[in-house]
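Let me begin by presenting the structure, written as structure tokens, before commenting on it.
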Amino acid sequence: MVVPRPLLQPLVPRLRRLLPGLAMSSATGSFSLQQPLNYRGGARLQPADGGQVEEVYEPATGRVIAKLLCSGEKEVDLAVQSAKAAFKEWSQKSGMERCRVLLEAARIIREQRDEIATLETINNGKSIFEARVDIDISWQCLEYYAGLAGSLAGEHVQLPGGSFGYTRREPLGVCAGIGAWNYPFQIACWKAAPALACGNAMVFKPSPFTPISVVRLAEIFTQAGVPKGLFNVVQGGVATGQFLCQHPDVAKISFTGSVPTGVKIMEMAAKGIKPVTLELGGKSPLIIFSDCSLENAVNGALMANFLTQGEVCCNGTRVFVERKILDTFTKEVVKRTQKIKIGDPLLEDTRMGALINRPHLDRVQNFIKQAKEQGAQVLCGGDLYVPDDPKLKNGFYMRPCVLGNCTDDMTCVKEEIFGPVMSILPFDTEEEVVERANNTKFGLAGGVFTRDIQKAHRVVAALNAGMCFINNYNVSPVELPFGGYKASGFGRENGRAAIEYYSQLKTVCVEMGDVESVF
Ligand SMILES: NC(=O)C1=CN([C@@H]2O[C@H](COP(=O)(O)OP(=O)(O)OC[C@H]3O[C@@H](n4cnc5c(N)ncnc54)[C@H](O)[C@@H]3O)[C@@H](O)[C@H]2O)C=CC1
Ligand SMILES: C[N+](C)(C)CCCC(=O)O
């Protein structure tokens with residue numbers, strides 16, 4: 001497979017301008033990064049302490065593209081102090097002043113869309129096609145909260161005798177953002193945009209697997225005019241994350257990641273009485289009724305399972321299909337899945353790139369092995385994929401997999417796989433499918449395909465899930481709140497709802513008469 005040079009070449013000089021001093025081009029297999037990955041006080045720098053080294057990979061080739069220095073307690077403290085100082089200035093600005101800066105950040109992201117998407121693809125392994133969509137959602141998120149910043153307000157309440165009260169919506173202070181590796185730039189924007197719009201500062205820790213693009217976001221914020229130190233990046237894994245959560249000057253933690261880590265975050269937050277937002281895992285149901293548009297339902301099932309190599313928390317991986325259309329639906333889904341173009345994620349026509357790393361690929365492979373042992377039938381894919389291009393030979397590829405003959409008690413149906421694996425489950429009645437769909441510890445998302453509007457609304461109303469789709473799946477307008485029920489977490493990102501989670505309400509009670517003391 002040959003990289004079409006004309007397609008990629010125009011990006012190279014612009015990427016060099018963005019990341020000066022790098023020996024890089026944007027072609028797969030050629031990127032490397034020597035620059036520091038921490039960001040504090042408005043500049044990239046090496047951490048003041050810590051220093052444990054992690055290798056950062058390009059999933060498409062399996063190459064090491066950067067070395068990550070993990071931040072220690074001192075560096076985390078410096079980042080928090082830097083944020084605290086910037087908070088003093090930022091929190092005093094009016095909503096409209098914050099709006100202008102956030103709009104400028106959105107504009108810069110839009111301008112640099114292709115470069116940022118390229119960085120995301122190189123570090124995450126997802127196709128450039130998808131990465132561009134992620135970057136679009138990211139700047140839209142900033143625009144959306146920029147728009148809200150100017151209208152954040154409290155209320156005025158009249159009390160007896162001319163007295164009155166009013167409420168003020170105030171920021172929390174320094175917020176910690178901790179991200180997963182599947183949507184590195186987008187996750188950072190989903191947290192930073194509402195946080196900054198409300199007047200907070202942020203210290204963000206990305207996943208050590210995908211540390212690169214969020215530093216670009218930090219640079220863009222500075223360029224757009226946020227006070228230096230308002231948005232800082234600390235790099236590292238578990239220990240760095242713990243220092244951040246336990247820091248006494250961190251007022252709130254917003255976390256995206258796995259359920260077990262979510263539990264630990266909540267424990268740490270409990271000790272400091274800190275509010276948390278938890279965006280955790282899922283095993284969401286997608287219900288296909290026989291009266292659906294089959295073509296839309298098949299498209300929906302692919303959207304629900306195979307974006308970002310299936311590494312999506314809200315994926316509808318339990319696909320319940322009404323028995324009447326099971327065979328037709330399955331045949332079509334398998335046919336379409338087999339046609340998904342896998343390979344070099346920087347090629348324009350690639351639709352599935354590489355999984356995040358070797359251990360994760362092995363984990364997904366093990367789920368498929370176990371599914372077979374438990375009686376599921378591999379209808380397509382599931383095996384490793386080795387691209388023809390020699391430079392991609394050590395990449396972490398697999399073919400997207402559809403499992404038939406599944407039952408609700410199988411591990412592949414119960415546990416989050418976080419890979420391109422769809423399980424198909426037949427059902428007969430609405431009542432039965434709703435009960436089975438809800439029979440999970442998770443509750444992130446759910447979907448239904450039907451032409452019967454009453455049934456569609458009845459079913460989503462009965463689903464125990466925070467984000468439900470009717471006749472589509474995995475679209476993410478930033479205007480709509482996103483978040484889970486049950487073990488999938490709580491708090492909301494996006495939409496007006498997120499404002500609640502990045503601000504606090506102060507009530508001011510004003511006496512216009514004399515004090516009538518009871519003493
Ligand atoms: N609901 C949502 O919006 C999303 C949920 N996820 C979930 O995330 C998981 C995959 O992401 P991973 O990065 O593997 O999750 P993870 O839980 O291992 O790590 C997430 C982040 O937490 C940090 N971390 C790990 N242990 C920590 C600790 N004790 N204290 C503080 N920070 C700590 C990691 O370094 C990373 O930045 C999946 O389960 C997936 O469902 C992923 C994306 C979106
Ligand atoms: C953008 N979307 C809806 C496909 C996924 C967002 C949640 C995640 O970070 O996994």
Side-chain angles (χ1 to χ4, degrees), residues 42 82-112 135-156 166-177 179 185-204 214 216-233 250-254 275 277 279 476-483 491-508:
S82 169
K84 217 175 146 182
F87 171 73
K88 278 202 180 123
E89 184 186 335
W90 184 248
S91 58
Q92 294 309 310
K93 290 197 183 298
S94 74
M96 282 304 284
E97 287 169 316
R98 295 200 287 261
C99 160
R100 269 176 232 124
V101 176
L102 294 178
L103 279 182
E104 174 62 4
R107 190 197 60 76
I108 300 171
I109 295 172
R110 209 161 54 235
E111 187 181 82
Q112 299 179 357
I135 307 310
D136 286 342
I137 294 173
S138 303
W139 64 253
Q140 284 161 17
C141 183
L142 279 158
E143 275 193 346
Y144 178 77
Y145 286 103
L148 286 189
S151 60
L152 298 176
E155 57 179 359
H156 178 274
Y166 63 95
T167 55
R168 289 164 51 89
R169 190 151 287 283
E170 296 185 346
L172 299 164
V174 178
C175 300
F185 195 83
Q186 191 183 99
I187 289 174
C189 287
W190 284 15
K191 297 187 189 311
L196 269 49
C198 289
N200 301 286
M202 179 163 267
V203 178
F204 192 87
V214 70
R216 275 302 300 144
L217 179 65
E219 289 177 328
I220 288 169
F221 278 137
T222 304
Q223 200 185 331
V226 308
K228 290 195 166 104
L230 192 73
F231 184 85
N232 304 285
V233 181
V250 164
K252 186 233 158 69
I253 307 164
S254 176
T277 295
E279 298 287 358
S476 41
V478 295
E479 303 91 320
L480 298 182
F482 177 88
R492 290 294 175 267
E493 297 195 305
N494 291 340
R496 279 182 180 274
I499 298 297
E500 285 288 327
Y501 299 95
Y502 284 100
S503 59
Q504 53 194 343
L505 206 61
K506 176 178 283 172
T507 303
V508 181

Exercise. Which atom names give the shortest non-hydrogen contact between C141 and C189, and what distance separates them?
Worked result: SG-O, 3.7 Å
For this session: Check the pair W190 / I137 against side chain to side chain contact (heavy atoms under 4.5 Å, CB included), numbers first and verdict last.
Result: CA-CA 9 Å; W190 284 15; I137 294 173; 3.6 Å; yes
Problem set entry | Any F221 side-chain heavy atom under 4.5 Å of L102 side chain | yes
Exercise. At what distance, to the nearest 0.5 angstrom, does CD of Q223 lie from CZ of R107?
Worked result: 8.0 Å
Problem set entry | Close side-chain approach of F231 and V214, heavy atoms under 4.5 Å | yes
Problem set entry | Residue that, paired with Y145, satisfies side-chain contact (heavy atoms from CB on, under 4.5 Å) out of V478, L103, L152, N494 | N494
Seminar exercise, completed: When every non-hydrogen atom of A251 is compared with those of P275, the smallest separation belongs to O-CD, 3.2 Å
Seminar exercise, completed: Closest heavy-atom pair, L217 versus A188, reported as atoms and distance to 0.1 Å, is CD2-CB, 3.7 Å
Exercise. Which heavy atom in K191 sits nearest to a heavy atom in S254, and how many Å separate them?
Worked result: NZ-OG, 3.0 Å
Exercise. Of all heavy-atom pairs between A105 and I220, which one has the smallest distance, and what is that distance?
Worked result: O-CG2, 3.7 Å
Problem set entry | Trace of the side chain to side chain contact (heavy atoms under 4.5 Å, CB included) decision for V203 with V250 | CA-CA 9 Å; V203 178; V250 164; 5.9 Å; no
Exercise. Looking at Y502, does the NZ or CZ of K252 lie under 6.0 angstrom from its six-membered ring centre and within 45 degrees of the ring axis?
Worked result: yes
For this session: Identify the two heavy atoms, one from L196 and one from L230, that lie closest to each other, and give their separation to 0.1 Å.
Result: CG-CD2, 3.7 Å
Exercise. So how far is it from D136 CG to Q186 CD, rounded to the nearest 0.5 Å?
Worked result: 10.0 Å
Exercise. Any donor-acceptor pair under 3.5 Å linking the side chain of S91 with the backbone of G199?
Worked result: no
Problem set entry | Point-to-point distance, once rounded to the nearest 0.5 Å, from CG of N200 to CD of E170 | 11.0 Å
Exercise. Nearest 0.5 Å, what's the CG-CD1 distance between L148 and I499?
Worked result: 5.0 Å
Exercise. Say you draw a straight line from CD of E143 to SG of C99; how long is it, rounded to the nearest 0.5 Å?
Worked result: 10.0 Å
Seminar exercise, completed: Applied to residues 93-103, the side-chain hydrogen bond (donor to acceptor under 3.5 Å, both in side chains) test, sequence neighbours excluded, yields S94-E97
Problem set entry | Residue pairs involving residues 495-504 (criterion salt bridge (charged side-chain N to carboxylate O under 4.0 Å, His left out); sequence neighbours excluded) | R169-E500
